[in-house]
There are 2 protein chains.
Amino acid sequence: MTPALAPALLPTPALGQRLRPHAAATPLTGCDGCPARALAVCQALADGELDAFGDIGDQQRFAPKETLFRQGDDADAVYTITSGMVRLYRLLSDGRRQILGFLLPGDFIGLAPDARYASTAEAVTPVGVCRFDAHAYAALAERKPHLLASLRRAAADELAAAQDHIVLLGRRSAEERVAAFLIALRGRLARRGGGAVTIALPMSRQDLADHLGLTIETVSRVISRLARERTLLVVPDGVRVLDAPRLQALAAA
Amino acid sequence: MTPALAPALLPTPALGQRLRPHAAATPLTGCDGCPARALAVCQALADGELDAFGDIGDQQRFAPKETLFRQGDDADAVYTITSGMVRLYRLLSDGRRQILGFLLPGDFIGLAPDARYASTAEAVTPVGVCRFDAHAYAALAERKPHLLASLRRAAADELAAAQDHIVLLGRRSAEERVAAFLIALRGRLARRGGGAVTIALPMSRQDLADHLGLTIETVSRVISRLARERTLLVVPDGVRVLDAPRLQALAAA
DNA sequence: CGGGATTTTGAGGATACTCAAGGTAAGTGG
DNA sequence: CCACTTACCTTGAGTATCCTCAAAATCCCG
């Protein structure tokens, strides 16, 4: 593992200090050194096959707030996140924003390729991605059944996650939303090698609000309350879980 | 077309009168007479290939309130809806319910096959389905690239619909939710041959509430208000759109 | 026609929102 | 290095939307 790649997402003891805004550049080799290697859709390919894969993949980096693509753009590429965090959102005509999700290393964009992107993707932290031309990728997928199967599994996961979020937004209170979100994010970070007690939150409170269907004030109040009652400890760019069972209980399965 | 198959969903002039709860039984032939033929994932297969398809498909009917499968059951089958309406929902431990969606003829369940069903499927109206053994279906899909491609398209559509619903639940008011839902349902019904002015609503107000993240009283009040101001006309088991532009405006793109 | 279920309507209340001010932290320029 | 700016977060007070509780109305089926 290369800790320099995703400082905000692998909150080792380093989380106590401020995060450096820009991580050191990665040597843009092939998939070999890719930190998302074990997580990504790419894992479906045997090592030998990765060459063809690396050939059509184009590694790119984005600084915070840079956009990967915009809602309405021609969907000419698909992406695998290799480091950092990306927010995916839709805007309503009057400016209201709904963040559909936060993407982590190994997450894939373009499972449901339409002619145009239905949402905007923006870097939250410094982000590394593997960008694939949509057509080349589709062609490759056609020739590699493993990859296709992997894509289906990823699509299944994504659909399940979307449904979880529908339940969260439709039927949970503000406190339950925050608790459930934190637990889910903790799980995703843990699966990527992060600890299970400190949860990195590189996104703003406004981002959280726009993801959870709340206002920034409500998010802030809920987190303050959880901190006051010693369920959480607020740390820079994250929270530390002090009382996991209680947080779990608040999430309301 | 066989109007007897889905009276609640193809609201021809018949919508003015009460709907008969049970439609006449269909002759269970193969895919030839299937009312969902042109809509379903099955359309991917050339007519010649349908034999193999029909062979592993098992046509079934469900009366209102019967369940196709339950959240937590082994996911041993996938389904194509051929007639009627199905509600897909999840329950929280304390009884709160979130309806993820209402399925119409041509809709497919099992795009994201996990080991267990993540939600419960229940007939709203009398329902006809084509039931496929999950393994046989997967095996068939493997041999028919057209089918696989069709499944991907369907998965893309479903994911997009889930994201639309996330936006609806996260960032829209009660009135906007009802308006947006009606417009979306109208579109889906229209694509299936229904008219564009009368929208069939065979589900209960409680179902609508549990889909839109509201209470039954709020749904009732919003619909009453829209009727009072002549945007809608409430008819048995549905609504008629009197002022489509206004409804569109209320939905808030 | 009668009785149970569903829907509608009303009154009151709670959760989350709006508006506003103050605090904290990081970045900027003298 | 420190004052100043700016962005973000927190906290408070008041309010609105939607929820809860309750009752009346309507529908549906036997």
Side-chain angles (χ1 to χ4, degrees), chain A residues 8 16-22 63-65 87 94-98 124-125 168-179 201-229 232-239 250 252, chain B residues 8 15-22 63-65 94-98 124-125 168-179 201-229 232-239 250 252:
Chain A
Q17 43 181 285
R18 299 304 308 160
L19 299 164
R20 306 275 77 234
H22 281 267
K65 299 190 186 178
R87 64 180 157 247
D94 62 358
R96 279 176 289 181
R97 185 178 69 154
Q98 175 65 43
V124 173
T125 64
L168 181 144
L169 293 173
R171 283 292 174 244
R172 286 172 141 103
S173 69
E175 190 169 67
E176 289 169 346
R177 292 182 200 193
V178 171
L201 297 174
M203 72 293 276
S204 70
R205 293 285 188 267
Q206 185 64 62
D207 285 343
L208 289 178
D210 286 347
H211 185 47
L212 300 177
L214 301 170
T215 59
I216 182 175
E217 293 96 332
T218 297
V219 170
S220 181
R221 272 186 256 269
V222 169
I223 292 179
S224 293
R225 175 152 23 103
L226 295 178
R228 213 175 306 125
E229 65 187 27
L232 296 178
L233 175 67
V234 177
V235 299
D237 283 334
V239 294
L250 288 177
Chain B
L15 227 212
Q17 41 180 287
R18 299 307 305 162
L19 299 163
R20 305 276 78 231
H22 283 266
K65 299 188 186 178
D94 62 358
R96 280 176 287 181
R97 185 179 68 155
Q98 175 65 43
V124 174
T125 64
L168 181 144
L169 293 173
R171 284 292 175 242
R172 286 172 141 103
S173 69
E175 190 170 68
E176 288 168 346
R177 292 183 199 191
V178 171
L201 297 174
M203 72 293 273
S204 70
R205 292 287 188 266
Q206 184 64 61
D207 285 343
L208 289 177
D210 286 347
H211 183 49
L212 301 178
L214 301 169
T215 59
I216 182 175
E217 294 94 332
T218 298
V219 170
S220 182
R221 271 186 258 270
V222 169
I223 292 179
S224 293
R225 176 152 22 105
L226 294 178
R228 212 174 307 125
E229 65 187 26
L232 297 177
L233 175 68
V234 178
V235 299
D237 283 335
V239 294
L250 288 177

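The sequence lines fix the lettering, A, B, ..., with proteins before strands; numbering per chain opens at 1.
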Worksheet item: How close or far is atom C1' of dC18(D) from atom CG of L169(B), stated in whole angstroms?
Response: 15 Å
Worksheet item: dC9(D) P sits how many Å from D237(A) CG, rounded?
Response: 9 Å
Discussion item. Under 4.0 Å, counting only non-hydrogen atoms across every strand here, what does S224(A) touch: a base, just sugar-phosphate, or nothing?
Written reply: sugar-phosphate
Worksheet item: Under the criterion side-chain contact (heavy atoms from CB on, under 4.5 Å), which of L208(B), D210(B), D237(B) is the partner of M203(B)?
Response: L208(B)
Practice prompt. Not counting sequence neighbours, which residues clear salt bridge (charged side-chain N to carboxylate O under 4.0 Å, His left out) with E217(A)? List them please.
Written response: none
Practice prompt. Rounded to the nearest angstrom, tell me the gap between atom CZ in R205(A) and atom P in dA25(C).
Written response: 13 Å
Fill in: Set of salt bridge (charged side-chain N to carboxylate O under 4.0 Å, His left out) partners for R225(A), sequence neighbours left out
E175(A)
Discussion item. Using five base pairs at each end to define the local axes, how bent is the helix from dC1(C)-dG30(D) to dG30(C)-dC1(D), to the nearest 10°?
Written reply: 40°
Worksheet item: S220(B): what forms a side chain to side chain contact (heavy atoms under 4.5 Å, CB included) with it, not counting sequence neighbours?
Response: S224(B)
Discussion item. Rounded to whole Å, how long is the line connecting atom CD1 of I216(B) with atom P of dT26(D)?
Written reply: 17 Å
Worksheet item: Which part of the nucleic acid does S204(A) contact within heavy-atom distance under 4.0 Å: base, sugar-phosphate only, or nothing?
Response: sugar-phosphate
Response to the item:
Nucleotide by nucleotide, nucleotides 12-21 of chain C touches protein heavy atoms under 4.0 Å in the pattern (B base, S sugar-phosphate only, - none) ----SSBB--
Worksheet item: To the nearest Å, how far apart are L232(B) CG and dT8(C) C1'?
Response: 16 Å
Practice prompt. Starting from the C-alpha separation in whole Å, work towards a yes-or-no answer on salt bridge (charged side-chain N to carboxylate O under 4.0 Å, His left out) for D94(B) and R171(A).
Written response: CA-CA 11 Å; D94(B) 62 358; R171(A) 283 292 174 244; over 6 Å; no
Response to the item:
To the nearest 0.5 Å, atom CG of L168(A) lies from atom CD of Q98(B) at 10.0 Å
Worksheet item: Atom CE of M203(B) and atom C1' of dT7(C): how far apart are they, to the nearest Å?
Response: 15 Å
Worksheet item: Rounded to the Å, how far apart are Q206(B) CD and dT20(D) C1'?
Response: 13 Å
Item to complete: May I ask you to test the V239(A)-L201(A) pair for a side-chain heavy-atom distance under 4.5 Å?
Response: yes
Worksheet item: Rounded to the nearest Å, what distance is computed from the CD1 atom of residue I223(A) to the P atom of nucleotide dT10(D)?
Response: 7 Å
Item to complete: Applying salt bridge (charged side-chain N to carboxylate O under 4.0 Å, His left out), name anything that partners R221(A), two or more places apart in sequence or on another chain.
Response: none
Fill in: Within-4.5 Å side-chain heavy-atom neighbours: R205(A) and I223(A)
yes
